[in-house]
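The structure appears below as structure tokens.
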Amino acid sequence: MDGVLILAVVLVVIALGGAALALLLTVGTLVLRVALLRGLLELLRGGGTAPRRRT
């Protein structure tokens with residue numbers, strides 16, 4: 001019975017890890033899309049040729 005219990009715990013941990021990884025991936029792709037859209041908007045507004053903020 002101990003082996004079955006350990007196997008069940010391992011499966012649950014793997015499932016939780018997979019769900020967390022999927023959540024991280026979806027959030028990451030959303031952040032990337034927002035960043036890309038902002039960059040495209042900056043380029044369309046002419047921010048690429050003449051940057052307004054100078055450091």
Side-chain angles (χ1 to χ4, degrees):
M1 267 308 195
D2 287 344
V4 175
L5 188 65
I6 290 174
L7 186 65
V9 168
V10 168
L11 283 177
V12 167
V13 167
I14 289 176
L16 285 178
L21 191 63
L23 189 65
L24 275 176
L25 281 176
T26 49
V27 169
T29 47
L30 275 176
V31 169
L32 273 178
R33 279 184 199 162
V34 170
L36 283 175
L37 281 175
R38 276 189 183 170
L40 281 176
L41 282 177
E42 286 286 327
L43 281 176
L44 285 176
R45 277 190 288 179
T49 54
R52 284 167 298 159
R53 327 184 202 95
R54 296 211 160 213
T55 53

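Residues I14 and I6 share a hydrophobic cluster, clusters being chains of Ile/Leu/Val/Met/Phe/Trp/Tyr side chains in contact below 4.5 Å.
In the hydrophobic clustering (ILVMFWY side chains linked at under 4.5 Å, chained through shared members), L23 stands by itself. Other members of the cluster containing V9 are V13, with ILVMFWY side chains joined at under 4.5 Å, either directly or via other members. Here L16 sits in one hydrophobic cluster together with V12; the rule is ILVMFWY side chains under 4.5 Å apart, joined directly or through other members.
Taking CG from L36 and CG from L41, the interatomic distance works out to 11.0 Å, rounded to the nearest 0.5 Å. Atoms CG and CG, on L37 and L32 in that order, are 11.0 Å from each other to the nearest 0.5 Å.
With sequence neighbours left out, the side-chain contact (heavy atoms from CB on, under 4.5 Å) criterion links V4 to no other residue.
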